[in-house]
Protein chains: 2
Amino acid sequence: MKFDPDTIVAPNSSHQGSSHRGRPRQFCPDAALTAALKVFWERGYEGASMAELTEAMGITKPSLYACFGNKEALFRKALDLYEKEKLAYVRAGLTAPTAKGVAEAFLRGSLAMQTGNDPRGCLSVVSAVACTNYADSIRDEITSLRLATDRAIIERFERARDEGDFPPGVDPAAMAHYLTAILQGMTVQARSGATPVELERLVATTLAIWPGR
Amino acid sequence: MKFDPDTIVAPNSSHQGSSHRGRPRQFCPDAALTAALKVFWERGYEGASMAELTEAMGITKPSLYACFGNKEALFRKALDLYEKEKLAYVRAGLTAPTAKGVAEAFLRGSLAMQTGNDPRGCLSVVSAVACTNYADSIRDEITSLRLATDRAIIERFERARDEGDFPPGVDPAAMAHYLTAILQGMTVQARSGATPVELERLVATTLAIWPGR
DNA sequence: CGAATTTCATACCACGCAGTATATAAGAGT
DNA sequence: ACTCTTATATACTGCGTGGTATGAAATTCG
């Protein structure tokens, strides 16, 4: 029976539940995946070579392939991790009391991501924009991920409209796409070297202009 | 003496001034460069292979290298062509009478580019975001290009402030970066499959929110 | 201990990439 | 007509890529 690469289990640094025949793996898959995410994040899918990845992950190629499948599967898992960990502020932001509060939470969350130690820019944006020749499955996953968050923001803004957060005549869906456009633009600017101060000013400007509460 | 690839001259379809020793070239460099631009535009620099380029340009590899130098030089010339032809609306937009007029010209110009037959998205944005491992010279050229237009917009908005286009307390530079962020976000959304109607709505929303005249 | 099983390390493979050597074709100058 | 020059076509090179074969090391089960 073959090893199932879809299930990452038993990082050997933490407590190991059921014992395991054969030689134990000498690295922590979670840590390795985190390292891989960082590489994909700054180099893009095609820009990240297996050599770079294995070096950053601190493992050899056969270990990588045995544990994660292939490059595409690795990227997919890294993308899952990204959306799980790094995009927490999206889910959190949706709980803000007003539409403007949601916008502020998103903008500040995105800003915090740019000023941290992580690579600049949003992995989803980078992956969506860069090269047309990604594997179709990857493109599909990225777009479906984007559609899901778009949908969530739209629904949140529809509620906001019903609660009177917007001036009359404002379309919630339009405001949602407007907000995501600014977030994406912020990613592009961060990616091309904008300073944290400039990004902070972008946040402030957007909030100053924001219609309603 | 070697042929200087920096000067593209004598497309053989148009009138040919001074005659030319040796076998005449059997393609039009301008048309070939336009075809190359299209490929770079939709695939990115690294995503475009020489095979794709030569096929789209309708010439063979030695012809390409003889005429344009190498891949990097070809991209550089394509980028020049892009900024000269496709970004004409930027220079035109700067002449609008008010700040909001400038914003509208940029937004509509960018929108028109997305709905045309050309590849989606802005080549500069794609090139800026995608892969970190471009040749340094290319990155430098792209950023200097971006800085130049940023500077132009900022100066135009400073004039707009002096002319009273903005409400008091609005920073022209901040508004410039805000506007470019939206344009960049529009590119990202167009690149990831947004419909012209959605982009049109983004333009309308931005203009509806725009402070001042 | 010995057998089974799984991971690790080194070396390797086929392929696509950017770029080129070489020989031939097509024109201009004399 | 003959030479000189430039472009074209075909075939090639060296290299980096994603992915793998193979054998040794490390563990559990009997």
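Nothing here was measured: the structure is a model prediction, and the numbers come from that model. So that the names make sense, note that chain A is the first sequence line, chain B the second, and so on, each numbered from 1.
- Residues A/G22 and B/L53 each lie close to DNA chain C; by heavy-atom proximity, the contact nearer the 5' end of the strand is made by A/G22.
- Residue B/S63 places none of its side-chain N or O atoms closer than 4.0 Å to OP1 or OP2 of D/dA7.
- Between A/K61 and A/E55 there is no salt bridge, since no side-chain N of the basic residue sits under 4.0 Å from a carboxylate O of the acidic one.
- Taking atom CZ of A/F27 as the reference point, atom C1' of D/dA26 lies 15 Å away to the nearest angstrom.
- One can place OH of A/Y65 at 19 Å from P of C/dC12, the figure rounded to the nearest angstrom.
- With the nearest nucleotide of DNA chain C identified for both A/P62 and B/R23, A/P62 has the one nearer the 5' end.
- The aromatic rings of B/W41 and B/Y82 lie perpendicular to each other, with more than 60° between the two planes, well past the 30° mark.
- Residues A/Q189 and A/E198 have side chains that never bring a donor and an acceptor to within less than 3.5 angstrom of each other.
- Ring pair A/Y89/A/F106 is perpendicular by interplanar angle, where above 60° counts as perpendicular and below 30° as parallel.
- In the helix from C/dC1-D/dG30 to C/dT30-D/dA1, the terminal helix axes, each the rotation mapping four pairs' C1' atoms onto the next four within five end pairs, subtend 10°, rounded to 10°.
- With salt bridges taken as basic N to acidic carboxylate O contacts below 4.0 Å, none links A/E155 and A/R159.
- For the pair B/K71 and C/dA18, the criterion of a side-chain N or O lying under 4.0 Å from OP1 or OP2 is met.
- Classification of the A/F40-A/Y45 ring pair by plane angle, with boundaries at 30° and 60°, yields parallel.
- Of the side-chain N and O atoms in A/R21, none sit less than 4.0 angstrom from OP1 or OP2 of D/dC29.
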